[in-house]
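One structure is given below, encoded as structure tokens.
A note on names: the letters A, B, ... follow the listed sequences, proteins ahead of strands, and every chain is numbered from 1. Side-chain atoms are counted along with the backbone in the values below, which use heavy atoms only and exclude waters and symmetry mates.
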Amino acid sequence: MIPAPETFNLDHTLGCGQVFRWRKTGKWWYGVVEDKVIRITKENGSLHFYSQPEKIDSHFIKRYFRFDDDLQGIISQISKDELIKDAVRKVRGLRIVRQEPWECLISYICATNANIPRIKIMIENISRKFGEKIRFDREEFYTFPKVQELSRTKINELKCCNLGYRSKYVLDTARNISNGKIDLSELQKLDYNTCKKFLLTKLKGKKLLPGVGQKVADCILLFSMEKTEAFPIDVWIVKAITDFYQSLFNFSFIEKLKKQTGRKAITITDYDTICSTMQKYFGKYAGYAQEYLFHYIRTKCQLNGKKTRDKCIYAGYWKLDLEALSGI
DNA sequence: GCATCACCTAGAGG
DNA sequence: ACCTCTAGGTGAT
């Protein structure tokens, strides 16, 4: 057991939807990280943890939960306006987790057109079918399979895991990594823009990593490649842009975005526009800002008892202090 | 570049 | 009981 930073909340960190392999029973969080099952809780300012089959040490925990990040400092850097300040207040102690790139990649390929419970089921099914079993606290857990395991499977085996149309993407991605067409650990060393370009590489008109578009790429960069400036833009973030961050963009741009709410996707150029603007606005730790906003907005909607984004309108709730935004 | 449409599928809302 | 729609988007045309 080790002392936890003041700025660390397990529930927000593991429950915000950045990782899919944790669940809470009682006071304990159970999760599978790399090839270990971990049980962890925070009590009286200390972290208590156990693991199987290998023991983990405090170094492992500090690295996984990014205790090397000065969260207090990051928060003061990103606290640019009333919305993000409120988000930081309500979701205090949320930290980005250092994920393993391969598992992270597959997880976010699976995440398209799915909600968090379903993503968890897909990853759990893949692990149960192809991973290694570990017994812990009289329960069975499964590690996430290695690249080789998945690259050798058949498409129908993945469909049995409930992946649906994602099955082909996962299989082709696994094969291209397995045969060395792309090397995740090498990618990690590159800067944000170069790294993202490689994740989206095409060879003879075919994606090396099918199922990886801009949004998925940014998730991989943020959660597993040390790119804290990555700012994944999903439907929730677009909503935040049109409802709150209007003043950072042209009037006509916002009008255009609003018109297409309800439709599925934004264009690649619009994604780039939003992405670079928000990165400039929030700075090197824009990814933290994104996670706070994302988690805050979603839970806010759920608290309101509203199930869908469109009904979750903030009129009257978001105190549109646009003056506060004019500084940038 | 941009607009459309299809894509698996469980579960909520009507 | 049924039908319609949505959920951390991406790919093909």
List for me each residue that meets ring pair (Phe, Tyr, Trp, His ring centres under 6.0 Å) alongside [X], sequence neighbours excluded, and say none if there are none.
| X | value |
| --- | --- |
| Trp28(A) | Tyr50(A) |
| Phe198(A) | none |
| Tyr285(A) | none |

- All pairs passing side-chain hydrogen bond (donor to acceptor under 3.5 Å, both in side chains) where residues 55-74 of chain A contributes a residue, at least two apart: Trp22(A)-Tyr64(A), Arg66(A)-Asp69(A), Asp68(A)-Arg98(A), Asp69(A)-Tyr288(A)
Within this structure, what is the [atom1]-to-[atom2] distance between [X] and [N], rounded to whole angstrom?
| X | N | atom1 | atom2 | value |
| --- | --- | --- | --- | --- |
| Arg298(A) | dT6(C) | CZ | C1' | 13 Å |
| Lys239(A) | dG9(C) | NZ | P | 15 Å |
| Trp236(A) | dT6(C) | CH2 | P | 13 Å |
| Tyr271(A) | dG1(B) | OH | C1' | 18 Å |
| Asn113(A) | dG11(C) | CG | P | 12 Å |
| Leu105(A) | dG9(C) | CG | P | 17 Å |
| Ile268(A) | dA12(C) | CD1 | C1' | 13 Å |
| Lys259(A) | dC2(B) | NZ | P | 14 Å |

- Task: Considering only NZ, NE, NH1 and NH2 on the basic side and carboxylate oxygens on the acidic side, decide whether Arg128(A) and Glu124(A) come within less than 4.0 Å.
- Result: yes
- Query: Is Leu47(A) reachable from Val19(A) through a run of I, L, V, M, F, W or Y residues, each pair having side-chain heavy atoms under 4.5 Å apart?
  - Reply: yes
- Out of curiosity, does Val33(A) fall in the hydrophobic cluster containing Tyr108(A) (side-chain heavy atoms, cut-off under 4.5 Å, transitive links)? no
- Closest heavy-atom contact between Ile297(A) and Ala240(A)? CD1-CB, 3.7 Å
- Minimum heavy-atom distance Met122(A)-Ala114(A), with the two atoms named: CE-CB, 3.8 Å
So which of [range] are in contact with DNA chain C, with a heavy-atom cut-off of under 4.0 Å?
| range | result |
| --- | --- |
| residues 212-221 of chain A | Val212(A), Gly213(A), Gln214(A), Lys215(A), Val216(A) |
| residues 158-170 of chain A | Tyr165(A), Tyr169(A) |
| residues 197-210 of chain A | Lys206(A), Lys207(A), Pro210(A) |

- What pairs meet the salt bridge (charged side-chain N to carboxylate O under 4.0 Å, His left out) rule with one or both residues in residues 189-207 of chain A, with sequence neighbours excluded? Glu186(A)-Lys189(A), Lys196(A)-Asp218(A)
- So which pairs with a foot in residues 169-183 of chain A pass salt bridge (charged side-chain N to carboxylate O under 4.0 Å, His left out), sequence neighbours left out? Lys168(A)-Asp172(A)
- Message: Quick check on DNA chain B: between Ile121(A) and Ala114(A), whose nearest nucleotide comes earlier from the 5' end?
- Response: Ala114(A)
- Just compare dC2(B), dC7(B), dT10(C) and give me whichever is closest to any side-chain atom of Thr267(A). dC2(B)
Whole-angstrom distance between [N] and [M], as gauged at atom [atom1]:
| N | M | atom1 | value |
| --- | --- | --- | --- |
| dA12(C) | dC8(B) | P | 13 Å |
| dA6(B) | dT4(C) | P | 15 Å |
| dC5(C) | dC5(B) | P | 14 Å |
| dT9(B) | dA1(C) | P | 22 Å |

- Task: Could you pull out all residues at least two apart from Lys24(A) that satisfy salt bridge (charged side-chain N to carboxylate O under 4.0 Å, His left out)?
- Result: Asp11(A)
- Query: Does Lys146(A) have any salt bridge (charged side-chain N to carboxylate O under 4.0 Å, His left out) partners at least two apart in sequence or in another chain, and if so, which?
  - Reply: none
- For Phe49(A) and Phe60(A), run ring-ring contact (aromatic ring centres under 6.0 Å, His included): C-alpha distance rounded to whole Å, both residues' side-chain angles, the deciding distance at 0.1 Å, then the answer. CA-CA 11 Å; Phe49(A) 51 88; Phe60(A) 183 95; 8.7 Å; no
- Is the number of heavy atoms from other residues, nucleotides or ligands within 6.0 Å of CD1 (Ile268(A)) greater than 12? no
- For DNA chain C, the dot-bracket notation using Watson-Crick and G-U wobble pairs below 3.5 Å, [ ] for pseudoknot-type crossings and | for other-strand pairs, is .||||||.|||||
- Using a cut-off of 4.0 Å on non-hydrogen atoms, how would the nucleic acid contact of Asn115(A) be classed: base, sugar-phosphate, or nothing? sugar-phosphate
